[in-house]
Protein chains: 2
Amino acid sequence: MNSSGRVSIKDVARLANVSQGTVSHVLNHPDRVSPVRREAVEKAIRELGFVRHEAARHLRAGYSSTVGLLLLDAWNPGFTEVARGVEDTTMDQGWTVVISNSARDIEREKTYLRLFYEQRVAGLIVVPHDQSADDLHQIRSGGAPVVVVDRPETGDHGMSVAVDDVAGGELAARHLISLGHRHVAFIGDEAAAAPVHARLIGVRKAVAEAGVDIRLDVIPAELTAEAGRETGEMLAAMPAGKRPTAVAAAIDLLAIGVLQAFLQHGIGVPDDISLCGYDDIPFTRQLSVPLTTVHRSHYDMGTTAAEMLTSALSGQVPDLRHVVFQPELVVRQSTGPVQPRSRRRTR
Amino acid sequence: MNSSGRVSIKDVARLANVSQGTVSHVLNHPDRVSPVRREAVEKAIRELGFVRHEAARHLRAGYSSTVGLLLLDAWNPGFTEVARGVEDTTMDQGWTVVISNSARDIEREKTYLRLFYEQRVAGLIVVPHDQSADDLHQIRSGGAPVVVVDRPETGDHGMSVAVDDVAGGELAARHLISLGHRHVAFIGDEAAAAPVHARLIGVRKAVAEAGVDIRLDVIPAELTAEAGRETGEMLAAMPAGKRPTAVAAAIDLLAIGVLQAFLQHGIGVPDDISLCGYDDIPFTRQLSVPLTTVHRSHYDMGTTAAEMLTSALSGQVPDLRHVVFQPELVVRQSTGPVQPRSRRRTR
DNA sequence: TGTAACGTTTGACACGTGTCAACAGTCACA
DNA sequence: TGTGACTGTTGACACGTGTCAAACGTTACA
């Protein structure tokens, strides 16, 4: 044991009556060492409780087996699914994943990006803030491949995995329109995040293409269940004739809040108002009224991003540099045909 | 720029016409360097896009500013709260947190513990698997302080933060008993995790101390919403007279599943059956029937664990080596007095 | 017996940084 | 002018590992 109280490769070599180089070979190229020495070294390792020093290994080898994952919001169930996909895929291929969370704070994001760069991570998967292209570019110029998740990108230098949220918005709106709804509200702040903006564009597109006269109200709201509850209460307070007959929420969390407010105020879903979410997080199935929503394959986004990254790391050029998933409408019980004016709840 | 294509401190020194030592001083002890040189160095750093190499720094300095957080189950909302608490506290004090997730897999836990050890993390916060005392001890012997979360520990060498789940089980059971319930079911596999076992002990204790004749059914179930739904359906299929009048679930996720099944089968909560959860995860408030549950301060567990760790890292001995939080009963709307045999739903 | 070929082991070196003793330069004071 | 005190700067070294050329030992063959 050396002066710092830690066991190094030298101590192992001394105990096993062998040179440092041999110990290193046992660790990295066991086939180059004779069985006798190998066993002696392994015994010494066990006796001393030696564990190799990753920083030294990294410094000498010049490469790292660590991959960084920077999440925009680790507490959003959708993104934890992304993380699970990334973890499952990279673990299988021998990479270590380090997860960090920017919590939608651009300063925090910058800090973590710098940290990742200082650690010389081999590669990086980022669910980025809206305004952080610069920092991502800096990492890229350092030589580490970067996969951007949940922001559609194009071009030759970079990789991305995203969902076609314009199409998703269209799906939701078309579904509601086809059920006969002619007064629809979209809930969510389009300035809050690029994907929300895209969804609204899709909704507007479907409305414009419907060929019938449709009124679309856009109600800005934070992306939380609490904001959903407040918005739901506002809607509940409106006279029934003035109220939209259908609501499309920018994310499921919002829809959950809206649903809760509606039920509390005796507004039936879908009998009085239809409600459509977005994301298809696991909890949508556990709600008192299972939610119609637009499914995004978060887990698959994670695995795909991880596969792109690992293939880039092994020197291959991935077949596709930019993958866009198509969302799918999942019809459950929170949406239904528009009711005639003098309607009654069925149960 | 050196041969590997990366910029090192030497390159900065050369460009700024200064020695390596001076550059290092600019980075670590700016006050020791004259303003003229400092500016020259800073300019060179900007021009070259120099970012220091954490592995080399770590190797030379002998210490790391990284703290590991190993979660048992990152997808359980309770544990993500713990992570949030840890992150907020350690970030403030300049530590970097690396999060990993053992996913209740003991092999994965071992792998990550080894990885943390190889990285020579300064300290470690672990929400451990039931059978992993050995590995934790190995880390401790390496000199890094370890805080164990959610498993009550005692003794002088080690730190822990936990919740008195026996008391929590008692709280839940006493509440139900005080409402007049005499036939109670506990749902959850006591072998699944130590905290669940503790809760059941608490329930049994309350039943024994009640002084009245109480029937307690223990129904093993996995710790998922899906398992809760299945158990709820089984209970719903029983004739009303044979059914327990109250259910205590081992965790909220289970209770959510039970609730969903009850409502689907027309069983009123709390009118037909009272339902009590455990954990107080955020979603309990968003349910169609807000859940009575036992609150555990997950976020505070995280901050406390982080504070203990950071004070240990700065050489102080924390005032308390083992902290046990007291749970609190949160009465919402899913529990109510037992109804006479010929009862009717009120709404 | 001598030599070549081969497989195993060795020892020195480099990776990029922080530290520390030593050194140079400046200034005030005697 | 010489001395001491002080500030700023330097250069060598160490941290623990992986690699690589060189050395070593063994065996096979002439």
Side-chain angles (χ1 to χ4, degrees), chain A residues 1-42 44-45 48-66 117-120 122 142-143, chain B residues 1-42 44-45 48-66 117-120 122 142-143:
Chain A
M1 199 177 302
N2 59 27
S3 59
S4 78
R6 299 269 166 90
V7 182
S8 91
I9 227 174
K10 271 185 205 161
D11 307 310
V12 175
R14 203 174 307 135
L15 182 61
N17 269 325
V18 154
S19 80
Q20 307 176 28
T22 305
V23 177
S24 181
H25 280 318
V26 170
L27 294 172
N28 302 296
H29 311 280
D31 50 304
R32 291 189 198 164
V33 180
S34 68
V36 190
R37 309 257 175 173
R38 186 164 51 202
E39 256 177 59
V41 170
E42 280 166 355
I45 288 178
L48 293 172
F50 166 79
V51 175
R52 69 180 165 194
H53 195 305
E54 171 60 23
R57 175 191 171 80
H58 177 13
L59 176 61
R60 163 63 227 201
Y63 58 81
S64 146
S65 62
T66 301
Y117 197 28
E118 286 183 1
Q119 292 184 21
R120 302 289 193 275
Chain B
M1 196 175 303
N2 59 28
S3 58
S4 77
R6 300 267 165 91
V7 182
S8 90
I9 228 174
K10 271 184 204 161
D11 309 307
V12 176
R14 203 174 306 136
L15 182 62
N17 270 325
V18 154
S19 80
Q20 308 175 29
T22 305
V23 177
S24 181
H25 281 319
V26 170
L27 294 171
N28 302 296
H29 311 281
D31 52 303
R32 291 188 198 164
V33 180
S34 70
V36 191
R37 308 260 176 173
R38 186 164 49 199
E39 259 178 57
V41 169
E42 280 166 355
I45 288 179
L48 294 172
F50 166 79
V51 175
R52 68 181 167 195
H53 196 305
E54 171 60 23
R57 177 190 170 80
H58 176 14
L59 175 62
R60 164 63 225 199
Y63 57 81
S64 147
S65 62
T66 301
Y117 197 29
E118 285 183 0
Q119 291 184 20
R120 302 290 193 274

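Lettering follows sequence order; numbering is per chain, from 1.
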query: Which atom names give the shortest non-hydrogen contact between A:V7 and A:L48, and what distance separates them?
result: CG2-O, 3.5 Å
message: Less than 4.5 Å apart, side chain to side chain, heavy atoms only: is that true for B:I9 and B:L27?
response: yes
query: What pair of heavy atoms forms the shortest contact from B:A56 to A:L59, and how long is it?
result: CB-CD1, 3.8 Å
- request: Remember a base hit wins even if backbone is also touched, and classify B:S34 as base, sugar-phosphate or nothing at under 4.0 Å, heavy atoms.
  value: sugar-phosphate
field: Integer-rounded Å distance: C:dG16 P and A:Q119 CD
entry: 17 Å
- prompt: Minimum heavy-atom separation for B:A55 to A:H58, with atom names?
  reply: CB-CD2, 3.5 Å
- request: Mark yes or no for whether A:R57, through its side chain, and A:Y63, through its backbone, hold a donor-acceptor pair below 3.5 Å.
  value: no
query: Is a donor on one side and an acceptor on the other found under 3.5 Å between the side chain of A:R120 and the backbone of A:S64?
result: no
task: Write down the distance between CG (B:N17) and P (D:dT9), rounded to a whole number of angstrom.
output: 13 Å
query: Can a side chain N or O of B:S19 be found less than 4.0 Å away from OP1 or OP2 on D:dT9?
result: no
message: Strictly below 4.0 Å: does B:R37 bring a side-chain N or O up to OP1 or OP2 of D:dG8?
response: no
Distances under 3.5 Å between nitrogen or oxygen atoms of protein and nucleotides 17-19 of chain D:
unit_1	atom_1	unit_2	atom_2	d
D:dT17	OP1	A:H53	N	3.2
D:dT17	OP2	A:I9	N	2.5
D:dG18	OP1	A:N28	OD1	3.3
D:dG18	OP1	A:N28	ND2	3.3
D:dG18	OP1	A:R57	NH1	2.7
D:dG18	OP2	A:S24	OG	3.1
D:dG18	OP2	A:N28	ND2	3.1
D:dG18	N2	A:R60	NH1	2.6
D:dG18	N3	A:R60	NH1	3.4
D:dT19	OP2	A:H29	NE2	3.1
D:dT19	O4'	A:R60	NH2	3.3

- prompt: Under 4.5 Å between any side-chain heavy atoms of A:S8 and A:H53, yes or no?
  reply: no
Heavy-atom pair with the smallest gap, counting every atom of A:N17 and A:R37: O-NH1, 4.2 Å
- line: For DNA chain D, the expected dot-bracket line (Watson-Crick or G-U under 3.5 Å, [ ] crossing, | inter-strand) is ||||||||||||||||||||||||||||||
